[in-house]
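Scroll down for the structure; my scribbles are underneath it.
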Amino acid sequence: QVQLVESGGGLVQAGGSLRLSCAASERTANTFAEAWFRQGPGKEREFVAAITWVIRNTYYTDSVKGRFTISRDNAKNTVTLQMNSLKPEDPAVYYCARGSRGPVREARSYDYWGQGTLVTVSS
């Protein structure tokens with residue numbers, strides 16, 4: 001069973017930056033994509049960004065385009081979400097996920113999930 005562990009969450013002022021990382025306990029042969037989702041207070045879990053395993057195509061939800069960047073490090077088996085220009089609407093628990101199929105924007109495509117890391121933005 002693959003375990004995903006997120007880190008890097010915390011409190012930041014609006015306009016600031018945070019860098020989230022997701023470390024996987026092992027490699028999986030059939031991985032198609034890795035992604036970040038988030039769930040704010042009273043909201044449903046929503047897609048944030050994804051990166052495909054082989055070709056490294058990246059996908060973003062519209063509200064974070066130009067501010068967030070997803071990347072992966074094969075050697076370290078980690079996925080990173082660089083978040084810049086954080087806004088008051090960005091606070092949430094951020095989850096990383098790994099899946100074996102598409103579509104990459106759908107939570108149902110992901111087989112493994114981390115426990116989440118909290119991002120708080122002060123105005």
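We number each residue from 1, following the sequence as shown.
- Under a hydrophobic-cluster definition in which Ile, Leu, Val, Met, Phe, Trp and Tyr are linked whenever side-chain heavy atoms come within less than 4.5 Å, directly or via other members, V64 and V12 are assigned to the same cluster.
- For the residue pair P103 and S109, the shortest heavy atom distance occurs at O-OG, 2.6 Å.
- Interatomic distance, D90 CG to R67 CZ, rounded to the nearest 0.5 Å: 4.0 Å.
- When the side chains of ILVMFWY residues are joined at heavy-atom separations under 4.5 Å, either directly or via intervening members, L81 and L4 end up in two distinct hydrophobic clusters.
- Of all the heavy atoms in A33 and V104, the pair that sits closest is CB-CG1, 3.8 Å.
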| side-chain contact (heavy atoms from CB on, under 4.5 Å) assessment of N84 paired with S17 | CA-CA 4 Å; N84 298 328; S17 299; 2.9 Å; yes
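- Taking OG from S63 and NZ from K87, the interatomic distance works out to 8.0 Å, rounded to the nearest 0.5 Å.
- In plain terms, the two heavy atoms of V79 and E34 that are nearest each other are CG2-OE1, 2.8 Å.
- In this structure, the side chains of S71 and Q82 stay at 4.5 Å or more apart for every pair of heavy atoms.
- Among residues two or more places apart in sequence or in another chain, the side chain to side chain donor-acceptor pair (under 3.5 Å) test is passed with E106 by none.
- Considering only residues two or more places apart in sequence or on other chains, K43 meets the side chain to side chain donor-acceptor pair (under 3.5 Å) condition with none of them.
- The disulfide (SG to SG under 2.5 Å) pairs that include a residue from residues 11-79 are C22-C96, where partners are two or more places apart or lie in different chains.
- Put simply, the side chain of V2 reaches to within 4.5 Å of the side chain of S25, judged on heavy atoms.
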| query | Does the pair R56 and R72 meet the rule for a side-chain contact (heavy atoms from CB on, under 4.5 Å), with working shown? | reply | CA-CA 8 Å; R56 300 196 186 195; R72 62 165 287 101; 4.1 Å; yes
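- To the nearest 0.5 Å, the span separating CD on Q39 from CD on E46 amounts to 9.5 Å.
- For R101, the side chain to side chain donor-acceptor pair (under 3.5 Å) partners are D111, not counting sequence neighbours.
- Taking both residues in full, the closest heavy atoms of P41 and P91 are given as CD-O, 4.3 Å, listed atom of the first, atom of the second, then distance.
- No more than 12 heavy-atom neighbours from other residues, nucleotides or ligands sit within 6.0 angstrom of CD on E44.
- Using a 4.5 Å cut-off on side-chain heavy atoms (C-beta onward), I70 and T80 make no contact.
- Partners of F37 by ring-ring contact (aromatic ring centres under 6.0 Å, His included), not counting sequence neighbours, listed by chain and number: F47, Y110, W113.
- Within a 6.0 Å sphere centred on CD of Q3, other residues, nucleotides and ligands contribute 12 heavy atoms or fewer.
- Applying the ring-ring contact (aromatic ring centres under 6.0 Å, His included) definition to pairs two or more places apart or across chains, none involves residues 49-99.
- The 12-atom threshold is exceeded at CD of E89, counting heavy atoms of other residues, nucleotides or ligands nearer than 6.0 Å.
- Ion pairing between a basic and an acidic side chain is recognised when a charged N comes within 4.0 Å of a carboxylate O; D62 and K65 show such pairing.
- Between the E6 side chain and the G116 main chain, a donor and an acceptor come within less than 3.5 Å of each other.
- Of all heavy-atom pairs spanning A14 and P88, the tightest one is CB-CD, 4.5 Å.
- Residues T117 and L20 have side chains in contact (heavy-atom distance under 4.5 Å, counting atoms from C-beta outward).
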